[in-house]
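Working notes, structure below.
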Amino acid sequence: MPLANYSPLHGLPPLAGVADFSSAMKLGLSIDDCVDRLKRHHWAFRRLHQIFIQRLTAEPIYELKMAFSLHAHYCAEHAAAWRTRVGEMREPPLGLDEVPHAACEVFFDEVLSARDAGTLLLGIYGHALPALRAALQRHLTDTNPLIDHPSVRIIRFALIEVDEMIAYGAKAIAVMPSAEKPETLAAWAGLLDGLLAASGGFDGAGARVGAAPERMFSSQPRSYDKVPKRDERFPDPYNMGVHAEVFLYDEKMPASAKTLMMYYKRLREIDVPEMMASIIAETKGQPWNYHVDMTRQLWDEARHAMMGEVGFVRAGIDWRQFVRVNFTWSLALNTQLKPLERHAVLYFIEQGLMPKTGKRFEWEVGLASGDAFSALCQDYDWADEVLHARIGRDWYVKQIGNAKQATTFGDECWSRVLIDWQSYRDRGLTRHENWWPALYREYCRIRGEEPDPAVLAYDTSYATARADLKELSVSG
Ligand SMILES: [Fe+2]
Ligand SMILES: [Fe+2]
Ligand SMILES: [Fe+2]
């Protein structure tokens, strides 16, 4: 019998506030059971990360690309937290790369193999994440809140973002129906439920019922599609008709108009998640922290794109009408280079963003323009770029040897990439229309200003950009 009338001194909250005595006295999960569940939580986050990464590049809808970038970042971070926790429990974090249960594996393969965006959303946000949530909740219910407090804490943090993802997904599912026939979808939902039952939930703690797992969509393994796709708001994805950097670095051009070019450059950063996803998807054998860092950078690049989007909206400009955002960089890198070579190019370009004529310059233009939002975007864009340089040193440079070799190799790979302005035109893919005058005119109209004839006349395309790629980066 527990001691009756036991209470903390002065009636203070007991046990540092983490539990009351009755819950702190319960026999919760043993270390073995706890580690088993932690490994399974880890596995679920890891497979979700993989799904977001693998489906991002070829997903045409910009909003989904952005959401997948964020959710991949969340999943990479939480997977890392479980790995660390397992390492704290008298067990080296071994066996983390093993599939916990065959049915779990098929479950995630099925979601990964969904044949359209609506079905994919349903699989991720309607099936996988709610099942993961239930597993995390069950861990909280089953474990001793004091004795296993470090796990409890990690789960609590994970639940915040799991709930955020589920809430996002519920809204997305409501507006993006599956393209599958209702009977196919019903059979698939039944299959996913069956797989979950067969593995006893993602945590394996429930009753395991059912036969050997079957496959539907994943019976033909889905290979990673590295060719970027865009939605209808990107009607001219080969357009290289407006050379943003030449304008930006032209001292005669006014800072206020340059903010437009910077919003364009930010929005164009959609191509970096598209490209980085391909590096992450196709690079094998790296430690988990590689995925954590690379996915953080991927999410930063997605944020930069959204900063550009917000900048245009804030300025009252409908970018869908006035701006042509291309995908030539991610397309060329993904289809012409190996993963390490893509990373080399990314590193090489980002190195070039650090000197005086890089991110600091863009921030100074933002300050000089009087557009405080532009300055704010550039301030953070610059800070993020410093982090990316560190990530490049940690994961790319170390694979190559030293910084000098890494830069040389990056330069070499970048020179090999064929982004062929002329051939895009010859093949009828684009006319490289100069969209700048209409955008600038709209900007002036909104501000009630007369367009500056010199600014309006700007007509430099990327036709000759090859020559100055080294001086003027075309991405980042
Ligand atoms: Fe950026
Ligand atoms: Fe970057
Ligand atoms: Fe960037």
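Counting begins at 1 with the first residue of the sequence. One-based numbering, in listed order, for ligands and for the atoms of each.
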Check: C104 main-chain N/O paired with R40 side-chain donor or acceptor under 3.5 Å:
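Between the backbone of C104 and the side chain of R40 there is no qualifying donor-acceptor contact (under 3.5 Å).
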
[X] and [Y]: side-chain donor and acceptor closer than 3.5 Å?
| X | Y | result |
| --- | --- | --- |
| E110 | S218 | yes |
| H49 | H291 | no |
| W382 | E362 | no |

_the Fe ion (ligand 1) - name of the N/O/S atom of H304 that sits closest to it_ =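 Relative to the Fe ion (ligand 1), the closest nitrogen, oxygen or sulfur of H304 carries the name ND1.
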
N, O or S atom of D381 closer to the Fe ion (ligand 1) than 2.8 Å |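 Within the cut-off used here (under 2.8 Å), D381 does place an N, O or S atom near the Fe ion (ligand 1).
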
Verify the distance test for E269 against the Fe ion (ligand 1): any N/O/S atom under 2.8 Å, yes or no.
->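 Coordinating: yes.
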
Taking backbone and side chain together, does [X] place any N/O/S atom at a distance below 2.8 Å from the Fe ion (ligand 2)?
| X | result |
| --- | --- |
| E350 | yes |
| E385 | yes |
| H388 | yes |

### Message
Check the orientation of F107 and F202. Use parallel for under 30°, tilted for 30 to 60°, and perpendicular for over 60°.
### Response
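Rings of F107 and F202: perpendicular, as their planes differ by over 60°.
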
Practice prompt. Tell me which N, O or S atom of E301 sits nearest to the Fe ion (ligand 2).
Written response: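 The nearest such atom is OE2.
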
Check your understanding: Which heavy-atom pair separates T57 from K65 by the least distance, and what is that distance?
Key ->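 Smallest heavy-atom distance, with atoms named: O-NZ, 3.0 Å.
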
